[in-house]
Structures are given as C-alpha cells and as structure tokens.
Q: 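Structure below; questions to follow.
Protein chains get the first letters and strands the later ones, always in sequence-line order, with residue 1 at the start of each.
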Amino acid sequence: MTAPPPPPILPADRPPAPAFAEAAGQVMARQIRSAVRGKRLLAAVLLAAVAPLLAALLRDPDPVTLEAIVGLLVLPFLVPLVAVSLGSGLLYDEAEEGTLTFLFSAPVPRSAVVLGKWSAALAAGWAVAFAALGATFLLTSVDTGAIRPFVKACWLAVLLGVPAYLGVFVLLGTIFRRGFFAGLIYAFGFELVLSFVPGAAKRLSLGFFLHSLVEPHAPDREPFEPFFLGLPPDPEGVCIGVLLGVALITMAAALLVAPHKEFQARNVQG
Amino acid sequence: MTAGEEAPVLEVRGLSRWYGPVIALNAVNFAVRPGITALVGPNGAGKSTLLQVLTGEIRPSQGRALVLGEDPWNNPALARRVGNCPQQDALYEDMDAPSFVAYLMRLRGFGAAAARSRAEAALAAAGLDPAAWGRRVAGYSKGMRQRVRIAQAVAHSPEVLFLDEPLTGLDPVGRREMRNLLRALAEGGTSILVSSHVLHEVEGTTDRILLLHRARLLAEGTVSEIRSLLDRHPHSIEVACDRPREMAAHLMAGAGVESVAVPEEGLLVARTRTPQETYAHIVRLAAEGGYAVTRLSSPDDNLEAVFRYLVHG
C-alpha cells in the first residue's frame with residue numbers, strides 16, 4: 001500500500017519560479033557535481049596532465065623548454081582541447097542521456113540552464129587549465145622567478161583563453177548536435193590554417209591573441225616563431241578586450257539561441 | 001462549450017509534426033477535459049511526440065497545442081503548473097532518489113526543506129521503498145527508476161500531468177499501485193494524460209481514450225463512444241450453453257448476425273454488426289427456448305478489441 005500523493009497546492013500558494021540567477025546557480029552546482037564523475041572532465045584532466053608530465057620528464061633548466069611547453073602545447077592545443085571537451089556537449093549530451101527533459105520541464109528559462117552549464121564548464125575548465133599550468137611551473141627545473149613576466153602572461157592567457165574558447169564551443173554545441181567535432185574543426189582546422197595565412201586574417205583566430213599575450217614576455221621568441229609568422233603581436237589591452245569580448249558575445253549568443261532550439265535524443269520513438 | 005461544461009485542459013488543433021520526411025503527427029485534433037485521459041497507440045504511433053509538444057519540449061510543425069489555454073513551447077510560467085514523466089529511462093545516476101526529486105523541486109521554486117519533504121512524500125506515494133532512498137539511483141531496478149520518474153512528476157502537485165508509458169517496468173503490484181496513485185491525483189484535481197501501448201494497462205484507469213495510430217488520431221471519446229464507431233465492424237459474442245447448434249440456427253435468423261460458429265462443444269461464437277440487438281436476442285432465446293446459458297461474454301468487450309478493430313478493420 002503506497003502513501004497518498006503530496007498535498008495539492010492552490011494556484012495562489014504555488015511558489016514562484018526561481019529567479020534567473022538562482023536557477024542558473026542551481027544548474028551550475030548540479031553540473032559541477034555531475035562533471036566530477038563525467039568522462040569529459042576526465043578526458044580534459046588527462047589531456048592537461050601532458051604538460052606537467054613533460055616538464056617533469058624533461059627537467060630542463062633552459063627557459064626555452066618551458067616556453068616551448070607552454071607556447072606550443074598548453075596554449076595552442078591544451079586550452080582549446082580542455083574547452084572543447086567541457087563545453088561542446090553541454091546540451092546535446094544531456095539530451096542524449098535523456099535528463100535534459102527534466103531541466104526543460106522546470107519553470108526556468110532555457111537560457112538560465114545554458115548559463116548554469118556554461119558557468120560550471122568554465123569553473124571546471126579553469127580548474128583543469130590552472131592546475132596543469134601550475135603543475136608545469138612547479139615541476140619544471142626552470143627558475144620561474146627569473147621569468148616572472150612570462151609566467152604572469154601565461155596565467156593571464158589561460159584566464160582569458162579558457163572562457164573565450166569555451167564560449168565558442170558552447171555556442172557551436174548549442175547550434176550543432178555534433179558540437180565536439182565542430183569544435184575540433186574550429187580549433188585545429190580553421191585556427192591552424194589561419195595561423196599560416198599571411199596578413200591580418202590571423203586576427204580571426206583566438207590563438208593569435210593568446211599568443212600575443214605571451215610572446216612579448218618570452219625570454220626567447222624562438223619557440224613561437226612557427227606560429228603567426230609575419231604578424232607582430234597585438235598590444236595586451238587589445239588581446240584582453242578581444243578575448244573577453246569573444247567570451248561574452250559567444251556566451252550571449254548561446255543564451256539567445258538555446259530557447260529557440262529543440263534538443264532531442266537521436267532515437268526518438270513516437 | 002455548453003453551460004456547466006468544463007473548459008478543456010488540453011486543446012490540440014490541426015497539430016502536425018514532422019522530422020524531415022517522417023511524419024510523426026498528422027493533423028491531430030482533440031480537446032481534453034479535466035480527469036484522466038489515456039493516449040493509446042502502438043509504438044511509433046506518435047504518442048511521445050504528442051507529449052513532447054504538449055510539454056513544450058518541441059514545437060509543432062503546423063497547427064497548435066494549448067495546455068491550460070497557453071502555448072507550452074518555451075513557457076516557464078506554464079511549466080510551474082505541469083508535471084512531466086518522460087518515457088526515457090534517464091535519471092541523474094550519481095544522485096539518490098530524494099536528492100534527485102528535491103533538486104527538481106528546487107528548480108520549481110520550493111525552498112530546501114519544502115523540496116525535500118515533497119520529494120519524500122512523492123517517492124512514498126510512488127511506492128519507492130524508503131530503504132532504497134539512501135542509495136544512488138544508478139543501482140536501482142527498472143521499476144524503481146520508473147517510480148522515481150513518476151515521483152518527480154507529481155511532487156509539486158501539478159494541475160496537469162503528462163505520463164509517457166508510466167507503467168513500463170513495473171510489476172503487477174506496482175501497476176496497481178500506480179493506477180491507484182493516478183486515481184488519487186485525479187480526485188485531488190490533477191488532470192492527467194497518460195500514454196500506453198498496452199491497452200489493458202489504462203483500461204481500468206479511465207474510460208476516456210485517444211487512439212493514435214500512424215501519426216493520426218484514430219478515435220476519441222469514452223470506450224462506449226468508440227464502441228458506437230464499431231457498428232460497421234463485426235462484433236464477437238461468446239455464448240456457453242447447452243444445445244449450441246440449435247441456438248446457432250435461431251441466431252442466424254436474427255438481423256445483423258453475420259456468422260455463427262461452434263468451435264467446441266457447449267460454446268457458440270456469433271459475429272454480429274448489431275451487438276446490442278444480438279445480446280437481446282440471445283437473452284430472449286434463453287428465456288423462451290429454455291436454453292441453459294452459463295456464460296455470455298464478448299472477447300471484444302475491452303479496449304484491445306476496440307483498438308484492433310479500428311486499426312485493422
């Protein structure tokens with residue numbers, strides 16, 4: 001014998017829907033708990049661990065080695081990879097699992113759901129990227145105190161690079177069911193091609209602005225030479241503005257797009 | 001709408017939905033008034049698509065759907081008043097059942113304490129053993145998971161409740177409990193649209209049905225109203241009696257009887273297009289002819305037969 005159902009609620013007594021920020025916060029907290037056990041975070045951690053592992057294995061006191069690890073591995077590859085792992089499947093992954101229905105059945109705007117998920121992915125992305133960068137600096141044999149401006153620039157690049165890439169990948173993942181592949185094509189197709197295109201077209205790449213933040217502070221520019229050859233780095237203020245702007249605009253675009261999209265699992269049976 | 005007639009809770013007009021070349025719903029029209037209504041049809045009939053439109057998950061390609069007079073698409077205000085139990089066996093696997101339901105209640109605006117107490121009340125009503133509440137739902141059986149999904153749909157006492165195949169995975173006792181829960185909710189004022197591809201599952205819960213088949217609404221109304229649609233279809237009547245062959249000869253003389261068979265000794269099966277008249281004829285024969293009729297029944301006297309007739313003719 002089961003218990004009676006919960007007592008009915010009069011329309012006037014029904015609690016109001018949570019405020020936008022409160023709903024986004026609830027979704028964010030849930031998403032972080034879920035991400036901790038998720039495959040995508042594990043993949044991001046494993047990818048990010050390559051940089052400190054390399055630093056620990058090489059144990060090279062030459063700053064050029066550290067520059068090469070950060071400049072050729074962390075910024076152009078690991079930051080986008082971490083971002084694409086965490087950001088590209090926020091909605092469609094959950095739609096495939098079938099649990100997105102519960103969130104979209106709740107009286108909260110879909111944009112609040114996206115913002116909550118975006119925020120959780122950003123927190124996770126920052127945690128992974130900062131941990132990887134910090135561990136790289138800790139495990140290297142390079143005297144990081146002697147190259148403090150470079151170290152500072154690297155922190156700034158990760159601080160701005162993760163939300164910028166994440167914004168792009170969340171937007172792609174909101175528009176396309178296969179957001180992960182769209183993200184990979186963007187990061188390692190479109191951006192990579194741009195880096196070899198002569199002239200100002202390089203400015204269409206986020207990688208160029210990350211590169212511009214770090215290169216001027218590198219004690220030796222040699223490791224950076226293969227990338228963005230021929231276009232001098234943009235000023236720091238411009239880079240900060242562009243990366244912040246991209247993060248905010250792409251996030252806003254994802255919030256605007258999501259309410260007009262249907263997110264369904266592939267195998268929908270009528 | 002006549003005076004005293006309740007306003008429709010759900011209204012669907014010219015509703016179509018297609019996925020590329022596949023038509024999932026084709027010009028569906030109906031109105032549902034308060035109470036329990038069953039949405040019945042085989043797998044692939046369009047039931048889940050219809051429920052997804054009504055819960056605002058997807059948009060119609062054409063036509064419109066109204067829930068409590070409002071368009072459900074992208075309508076958080078309406079979502080406060082609606083409960084949804086989807087068909088897909090999905091839960092947040094890392095959570096325990098009360099935390100899962102309470103989380104969704106928090107998203108519905110309930111405070112932490114109210115969310116928790118409503119979650120526990122709903123889980124108890126859905127029949128989930130409290131001994132399992134502390135375990136993660138990943139370790140639950142299919143039936144237990146179904147109870148959790150139902151609990152999250154009813155915990156906020158919705159005015160309208162959509163249940164997509166809610167009895168799937170439940171054992172016979174669980175099914176009975178769930179039917180009782182649906183009745184209790186309906187008595188409390190909740191309007192319920194429950195889908196099923198197994199007709200007898202919903203037959204005891206409501207007599208108001210919507211029959212969906214191949215994206216079209218095949219029939220709508222009470223079982224008896226739908227039965228009236230069957231006049232053009234033969235209806236089987238089984239009579240267990242002594243002297244069945246003699247009775248068969250009398251029955252064949254009656255109007256509307258198409259055929260009579262005696263499949264085994266002591267049993268007669270008549271196929272008729274006028275079942276009420278044939279029933280009356282049999283009763284008259286039994287009284288006047290002195291037949292010992294021990295059983296008079298119709299294998300068609302259930303939703304399954306109605307559905308079979310309407311689908312297959």
Q: If I compare all heavy atoms of A:V108 with all of B:P76, which pair ends up nearest, and what's the gap?
A: N-CB, 3.9 Å

Q: Heavy-atom distances under 4.5 Å only: say whether A:Q26 touches chain B with side chain, backbone, both or neither.
A: both

Q: Using heavy-atom distances under 4.5 Å, tell me whether A:V27 contacts chain B through its side chain, its backbone, both, or neither.
A: both

Q: Roughly how far, to the nearest 0.5 Å, is CG of A:L10 from OG of B:S157?
A: 10.0 Å

Q: For the residue pair A:A106 and B:L107, what are the closest heavy atoms and their distance?
A: CB-CB, 3.9 Å

Q: In Å, rounded to the nearest 0.5 Å, how long is the span from CG of B:L91 to OG1 of A:T99?
A: 9.0 Å

Q: Please rank B:G188, B:A151, B:P72, B:P86 by heavy-atom pairs under 4.5 Å with chain A and give me the top one.
A: B:P86

Q: Any chance you could measure B:Y92, atom OH, to A:R37, atom CZ, to the nearest 0.5 Å?
A: 14.0 Å

Q: Of all of A:P16, A:A23, A:A17, which one pairs up most often with chain B through heavy atoms under 4.5 Å apart?
A: A:P16

Q: Kindly give the heavy-atom pair with the smallest separation between A:I9 and B:R118, and that separation in Å.
A: CG1-NH2, 3.1 Å

Q: If you count heavy-atom pairs under 4.5 Å with chain A, which of B:R108, B:Q88, B:Q152, B:M105 comes out on top?
A: B:R108

Q: Any sub-3.5 Å donor-acceptor pair from A:R33's side-chain atoms to B:M95's backbone N or O?
A: no

Q: Mind listing the closest non-hydrogen atom pair of B:R17 and A:Q264 along with its distance?
A: NH2-OE1, 4.2 Å

Q: Under 4.5 Å from any heavy atom of chain A, what part of B:L104 do you find: side chain, backbone, both or neither?
A: side chain

Q: Has B:N74 got a side-chain atom pairing as donor or acceptor with A:P259's backbone, closer than 3.5 angstrom?
A: yes

Q: If you count heavy atoms of other groups shown closer than 6.0 angstrom to CZ of B:R135, is the number above 12?
A: yes

Q: Are more than 12 heavy atoms, taken from residues, nucleotides or ligands other than A:F190, located less than 6.0 Å from that residue's CZ atom?
A: yes

Q: Does the A:E22 side chain pair with the main chain of B:G109, one donor and one acceptor, at a distance under 3.5 Å?
A: no

Q: How close do B:A125 and A:P4 get, heavy atom to heavy atom, and via which atoms?
A: CB-O, 3.4 Å

Q: Considering only heavy atoms, which portion of B:A122 lies under 4.5 Å from any heavy atom of chain A: side chain, backbone, both, or neither?
A: both

Q: Taking B:R59's backbone N and O only, do any of them form a donor-acceptor pair with A:E262's side chain (distance below 3.5 Å, no angle check)?
A: yes

Q: Given the side-chain rings of B:Y103 and A:F102, with only the six-membered ring counted for Trp, is the space between their centroids under 6.0 Å?
A: no

Q: For A:K261, I'd like to know if atom NZ has over 12 heavy atoms of other residues, nucleotides or ligands within 6.0 Å.
A: yes

Q: Return the CD to OG distance between B:Q52 and A:S105, rounded to the nearest 0.5 Å.
A: 10.0 Å

Q: Quick one: which of A:P107, A:P11, A:P15 gives a side chain to side chain contact (heavy atoms under 4.5 Å, CB included) with B:R80?
A: A:P107

Q: Pick whichever of A:H260, A:R110, A:R14, A:E97 has the most heavy-atom pairs under 4.5 Å with chain B.
A: A:R14

